[in-house]
Amino acid sequence: MSFLRTVLNDSVIIHPPGFYIIGFQSFPYISVYFIFLAFVYVVTVLFNCLVICVIAFNHRLHTPKFLAVVNLAVIDVILNTCTIPSMIKIFLIKDNFIPFNLCLVQMYVYYTFVSLESYALAVLAYDRLIAICFPLRQNSVNTLRSMSCIVGLTWSFALGATAFTTGIITHLSFCNSVRVFSYFCDYAPVFRLACNDYTMQWFAASFLTVLILGGPFIFILLSYVTILVTVFRMKSLDSRVKALGTCGEHIILVAVFYIPLLVIFMIGFYLRLIDPDQRVLSLSLASCLPPCINPIVYSLKTKEIKVRVLALLRKNKIDRQKSKLWRVVQIKQKFNL
């Protein structure tokens with residue numbers, strides 16, 4: 001086995017050719033789980049692409065709210081694309097080896113888009129906060145330009161923070177095991193394989209967890225506290241119900257995304273009280289399901305998007321009927337009927 005050796009600060013850094021992903025080897029009925037993941041991936045791509053196309057080709061939906069929705073849909077597609085196909089490849093081809101550089105790329109993409117998913121939910125909470133608590137100033141505060149800036153800042157921060165945390169993995173030497181007990185090149189399982197000190201990587205992982213999960217989650221909680229205070233000050237019961245009704249789907253997305261991940265990271269990463277097999281299964285479900293659920297629960301239940309989707313389906317049905325009728329006319333003309 002040949003190793004790539006580089007010299008850093010007068011110490012020899014040993015990088016292996018790659019790692020072996022072994023997270024699913026001990027699971028019973030694993031083939032059923034991979035079939036389920038394939039279904040999840042197809043639904044994720046189809047529904048999120050539908051949402052993106054509906055919003056992109058309807059100028060009436062080019063508003064700050066739907067810019068945030070498109071942002072979430074793009075993130076959902078990329079997040080599941082960086083993990084599910086590689087998991088299915090392991091199952092179909094029985095090839096669980098991943099080269100060292102490709103491992104770093106997968107690690108970077110995954111944590112970047114988990115970060116962006118978290119911040120996208122916070123951006124949607126901000127949109128609801130402005131719409132409910134400051135309705136008269138909504139058009140002047142929450143503009144398309146300001147929303148574009150907010151989304152751009154979240155992308156810049158996620159790309160930069162994850163680049164730092166992934167980059168310091170290259171400072172570690174891997175001279176013993178190269179078996180990663182996870183479902184992808186996961187950050188903590190990789191740096192714990194190092195044979196030199198990984199204190200800096202541990203602190204980076206802890207700090208990044210707080211930034212990408214704790215910070216946005218606290219912002220969302222504070223936003224909904226403010227929203228609830230504003231709603232209960234409304235005199236009309238109909239206004240209260242209408243205001244809270246616009247938040248229901250978003251609350252579901254927040255619960256589906258944050259609660260499993262926070263529990264897994266707190267119990268698994270810090271306390272290490274969760275069984276490794278259960279951690280891998282739980283983390284894969286917690287990461288793969290939200291991008292699949294998001295367009296169904298949130299986007300396609302939003303009135304404006306639902307109306308556009310139904311109109312598109314009706315248009316396609318009418319076009320098919322016209323095409324069928326035109327073929328019948330052509331056949332009659334051909335045979336002089």
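We number each residue from 1, following the sequence as shown. What's counted below: heavy atoms across the whole structure, side chains too, no hydrogens, waters or symmetry copies.
Between W202 and F207, the gap from one ring centroid to the other reaches at least 6.0 Å.
Distance check, rounded to the nearest 0.5 Å: CD1 of I84 to OH of Y41 gives 7.5 Å. One finds the CZ atom of F184 at 6.5 Å from the CG atom of L283 (value rounded to the nearest 0.5 Å). Rounded to the nearest 0.5 angstrom, L253 CG and N294 CG are separated by 4.5 Å.
Relative ring orientation between Y111 and Y187 is described as perpendicular, the plane-to-plane angle rising above 60° on a 0-90° scale split at 30° and 60°.
In terms of heavy atoms, S86 sits closest to Q106 at OG-NE2, 3.1 Å. Counting all heavy atoms, side chain and backbone alike, Q201 lies closest to I168 at NE2-O, 2.7 Å. In terms of heavy-atom proximity, A255 sits nearest to P260 at O-CD, 3.5 Å.
Heavy-atom contacts from other residues, nucleotides or ligands closer than 6.0 Å to CZ of F97 number more than 12.
Under the 4.5 Å side-chain heavy-atom criterion for ILVMFWY residues, a single connected hydrophobic cluster contains both L61 and V70. Linking ILVMFWY residues whenever their side-chain heavy atoms come closer than 4.5 Å, directly or via other members, leaves I35 and L285 in distinct clusters.
Looking at Y108 and T165, their side chains never bring a donor and an acceptor atom within 3.5 Å of each other. Counted by atom type alone, D127 and N142 present one or more donor-acceptor pairs between their side chains at under 3.5 Å.
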